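Here's the structure, in structure tokens; my notes come after.
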There are 2 protein chains.
Amino acid sequence: MGKITIKEIAKLAGVSNATVSRVIHSPHLVNQKTRERIQQVMESNNYVYDAVAGDLSRKKASVIGLIIPTIKNSIFSSTVYGIQEKAEEGGYTTIIGNSNYDTKSELNIMTLFQQRRIAGLILTGLSEGVSKRIREFMQLGIPSVVTWEKLDSSDICYAGFDNFKAAYSMTNHLIGLRHKRIGLIIGPYTRVRRVRSRLDGYKTALNEHSIPFDSDFIFESEYTLVDGKEAMQRLLSLPDPPTAVFAASDVLAMGALTAVKENGLRVPQDISIAGFDDLDFTAYLDPPLTTVRIPAFEMGQLAVKMLFEMIDGEMNQVRQYCLDTDLIIRQSCAEPALDNISL
Amino acid sequence: MGKITIKEIAKLAGVSNATVSRVIHSPHLVNQKTRERIQQVMESNNYVYDAVAGDLSRKKASVIGLIIPTIKNSIFSSTVYGIQEKAEEGGYTTIIGNSNYDTKSELNIMTLFQQRRIAGLILTGLSEGVSKRIREFMQLGIPSVVTWEKLDSSDICYAGFDNFKAAYSMTNHLIGLRHKRIGLIIGPYTRVRRVRSRLDGYKTALNEHSIPFDSDFIFESEYTLVDGKEAMQRLLSLPDPPTAVFAASDVLAMGALTAVKENGLRVPQDISIAGFDDLDFTAYLDPPLTTVRIPAFEMGQLAVKMLFEMIDGEMNQVRQYCLDTDLIIRQSCAEPALDNISL
DNA sequence: CTGAAAGCGCTTACAG
DNA sequence: CTGAAAGCGCTTACAG
């Protein structure tokens with residue numbers, strides 16, 4: 001019933017705790033005969049090492065804390081996967097907290113993580129209110145890295161990408177296709193900085209081509225299919241609707257696509273739709289979605305790699321990686337029909 | 001730099017560790033003045049409680065271990081969400097291990113979890129090789145519950161659903177639509193028991209309607225879009241292809257749908273497609289997918305609830321819950337065209 | 001190569 | 001209401 005501890009193994013094998021501990025961690029330090037006997041005893045008693053007690057004793061930690069906005073949505077699953085895989089390789093366990101894009105809850109999770117003695121922290125984006133706390137973490141010796149974003153601060157590590165540039169490129173692509181009325185369905189940019197960067201990228205691209213910015217063309221929404229659909233619905237019922245819509249999330253794009261079809265319109269002949277994220281399913285939509293590929297998996301892996309390096313001592317220097325994004329051109333965007341182009 | 005411990009707080013406040021510990025856990029036991037002073041000291045020194053040390057000391061655990069096949073796929077995300085939400089409510093943290101449908105790796109994860117002193121374990125399905133280990137866990141006082149499956153063994157707890165019945169109903173539905181040539185694209189039934197139950201449900205339904213079972217109509221595949229697409233491709237190139245295809249996973253169904261469209265065929269006029277899981281996106285496919293709704297979120301919540309009850313002492317009795325599934329009828333299934341019906 | 005002892009940060013009877 | 005002491009399961013200088 002009660003679980004077997006090192007102490008009991010020691011007693012059964014007629015040695016001290018220290019020696020048992022040694023056969024677990026540095027078997028070469030123990031006389032072969034003794035070692036084998038102890039291993040024997042551990043086996044037959046189904047001894048299971050208590051990693052938590054071990055960590056406490058040697059003042060180390062082997063859990064990595066990860067904060068993502070939500071696990072319900074597939075947006076972050078590649079990142080989580082990249083993190084878990086890499087963490088596991090290094091013998092670390094991952095705990096995940098869902099912030100729901102809320103700063104207060106991020107802060108709460110950070111404290112919870114701290115109580116659980118995490119070895120390092122990975123954040124999905126950096127909310128305004130969190131930077132200070134991150135610095136505290138680093139002061140306390142808890143290395144932290146931000147993903148999904150590129151930061152201005154030079155003292156916080158990140159493995160991210162340029163949201164501005166990614167959105168800028170896609171908008172430019174649509175403009176290159178001769179669209180002038182380009183709608184934008186976008187996530188919670190009021191609350192989330194990296195989403196705001198996407199908005200800025202969109203605006204800047206328009207601006208550079210002297211296309212007037214029309215706030216009726218912008219919809220801020222949660223990352224759900226329904227929201228994407230509803231936003232598109234509204235866009236379509238505008239007196240002079242857009243000829244292309246950039247949905248800055250594939251989930252929103254899929255919702256938008258559905259709305260277009262329900263209105264008996266065709267993509268891309270009647271209206272173009274572009275997405276963001278390059279989730280698995282985008283290649284399987286009808287038509288396949290033009291979108292921007294995000295280095296989701298890579299960011300995860302890199303973030304853990306950075307964490308490891310910091311844990312192993314090179315904590316002194318700040319590392320900042322901005323990974324590339326790619327325009328993935330598929331069939332959901334085309335030039336607007338002639339009668340749609342304002343001459 | 002070094003983190004503040006209870007001991008230092010005690011010294012600063014001029015009390016013993018015990019008293020500080022008391023203000024953390026049972027403040028009412030401490031004289032108000034003393035308590036306030038101590039709280040004061042904790043605040044101004046940013047004291048953070050060490051939950052790991054606490055757990056060790058009071059011989060309890062506050063982490064729940066969860067094993068799912070994969071986190072990459074959205075299939076399990078509702079379950080994970082249900083679990084995390086409920087666990088959090090009870091002050092528990094969740095750690096997730098990905099087994100990749102592999103028994104050996106499940107066993108490994110279980111040991112890892114054990115080393116991390118989990119308070120309880122939630123498994124997604126029960127592989128043949130794992131039952132024994134589960135019983136060991138329960139013996140050791142680690143309550144365990146299985147989800148996504150209904151078990152025969154009367155001594156293992158579960159919060160699942162009837163895979164056989166779910167697949168049986170859907171197959172029956174297709175038969176009711178007058179389909180006689182019904183293809184099946186299904187997950188790894190050779191390795192996974194609950195998937196085998198689905199296969200059995202399909203077979204039994206056919207059998208009850210004296211529809212001969214045709215092994216050319218069955219494709220076993222991984223749960224990916226590509227696999228669904230390829231399987232459908234093969235099905236369509238059969239000399240006498242099915243008039244309906246039951247893809248026992250929405251992801252496979254989405255892949256299948258793409259293949260059908262690429263072949264210039266229409267769903268459901270030329271061929272019907274049914275899915276399984278009722279993932280978010282199914283209502284947004286073109287056409288919206290007929291599928292079976294799985295109580296994914298509910299299973300997660302219930303599993304944690306059961307775990308809590310067991311942790312709180314009623315560990316003696318085995319609880320087994322089989323939740324309902326629903327046929328979700330949308331537009332991807334219809335009667336076969338007349339010339340397809342064998343008279 | 002091995003053991004005794006002190007310690008990781010916290011808790012909990014027990015005694016006062 | 002509070003403190004001294006033993007303990008959770010493991011580790012690690014130190015000494016031999």
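First the proteins, then the strands, lettered A, B, ... as listed; each starts at 1. Predicted model only: the values in this text are computed from it and were never measured.
Base-pair partner of C:dT2: D:dA15 (Watson-Crick or G-U wobble, both distances under 3.5 Å).
With both ends at atom P, the span from C:dT2 to C:dA6 equals 23 Å, rounded to whole Å. Across D:dG9 and D:dA13, the matching P atoms stand 23 Å from one another, rounded to whole Å.
Dense packing is recorded around NZ of A:Lys60, with more than 12 heavy atoms of other residues, nucleotides or ligands lying under 6.0 Å away.
For the residue pair A:Arg133 / A:Gln114, a side-chain donor-acceptor distance below 3.5 Å is found, with atom types taken as modelled. In this model, a donor atom of one side chain and an acceptor atom of the other lie less than 3.5 Å apart for B:Ser62 and A:Arg116. B:Arg22 and B:His28 share no donor-acceptor pair across their side chains, judged by distance under 3.5 Å alone. B:Gln32 and B:Glu36 are linked by a side-chain donor-acceptor pair at a separation below 3.5 angstrom, with hydrogens and angles left out of the test.
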Using a cut-off of 4.0 Å between protein heavy atoms and nucleotide atoms, how would you tag nucleotides 7-16 of chain D 5' to 3' with B, S and -? BBBBBBB---
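Summarising the geometry, the separation between CG on B:Asn31 and P on D:dG3 is reported as 11 Å, rounded to the nearest angstrom. When rounded to the nearest whole Å, the span between NE2 of A:His28 and C1' of C:dC1 equals 12 Å.
Ring centroids of A:Tyr158 and A:Tyr321 are separated by 6.0 Å or more, keeping the two rings apart.
OP1 or OP2 of D:dT2 has at least one side-chain nitrogen or oxygen of B:Thr34 nearer than 4.0 Å.
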